[in-house]
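Some notes on the structure that comes next.
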Amino acid sequence: MNIAANHPFAAAPQPLFSATAHIALAVIVACVLALVLIGARSASHDAMKTASVTFKQAGPTSVKLAPVQIVGRREAGDRKKI
C-alpha cells in the first residue's frame with residue numbers, strides 16, 4: 001500500500017543534515033586528509049634522509065660470492081625449427 005499515492009499533499013522527504021552541515025563536513029574531511037598527507041610526506045622525507053646518511057657512512061660494500069661448481073652437463077638435443 002503506497003501512502004504517498006493516497007495522499008497527494010504528503011510532505012516531501014527532507015535530508016537528515018542541512019547543506020551547511022554537508023559543506024562543513026566536507027571541509028573537515030578535506031583538512032584531515034591534508035594533514036595525514038603532510039605527515040606521510042614528512043615521514044617519507046625523514047626516512048630518505050636517514051637512509052642516505054646510512055649508506056654514505058657505510059661506504060662501498062663488496063660481497064664475496066661462493067665459487068660455482070658445475071655438477072653435470074646436458075646432452076645436445078634436437079631443436080625444432082619454428
Side-chain angles (χ1 to χ4, degrees):
M1 186 167 167
N2 192 352
I3 296 174
N6 294 336
H7 302 286
F9 299 108
Q14 298 294 320
L16 295 176
F17 300 108
S18 67
T20 307
H22 280 112
I23 292 171
L25 184 62
V27 169
I28 290 170
V29 168
C31 289
V32 168
L33 184 61
L35 289 174
V36 168
L37 291 176
I38 289 171
R41 179 177 174 251
S42 174
S44 175
H45 282 276
D46 290 345
M48 287 301 299
K49 287 177 186 175
T50 302
S52 65
V53 167
T54 302
F55 286 126
K56 285 180 183 176
Q57 289 175 353
T61 304
S62 60
V63 177
K64 182 171 176 159
L65 300 174
V68 177
Q69 180 181 7
I70 299 174
V71 178
R73 296 200 182 268
R74 290 186 181 177
E75 292 181 14
D78 294 332
R79 292 187 185 179
K80 293 182 180 179
K81 293 185 179 180
I82 298 176

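Predicted model only: the values in this text are computed from it and were never measured.
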Worksheet item: Which residues, ordered by chain and number, are linked to Val68 in its hydrophobic cluster, where ILVMFWY side chains connect at heavy-atom gaps below 4.5 Å, directly or through other members?
Response: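 Same cluster as Val68: nobody, lone residue.
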Worksheet item: Among all residues two or more places apart in sequence or in another chain, which pass the side-chain contact (heavy atoms from CB on, under 4.5 Å) test with Ser18?
Response: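 Expected list: Thr20, Ala21.
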Run the side-chain donor-acceptor check on residues 48-56: report pairs under 3.5 Å with partners two or more places apart or on a different chain.
from: Thr50; atom 1: OG1; to: Asp46; atom 2: O; distance (Å): 2.9
from: Ser52; atom 1: OG; to: Met48; atom 2: O; distance (Å): 3.2
from: Ser52; atom 1: OG; to: Lys49; atom 2: O; distance (Å): 2.9
from: Thr54; atom 1: OG1; to: Thr50; atom 2: O; distance (Å): 2.8

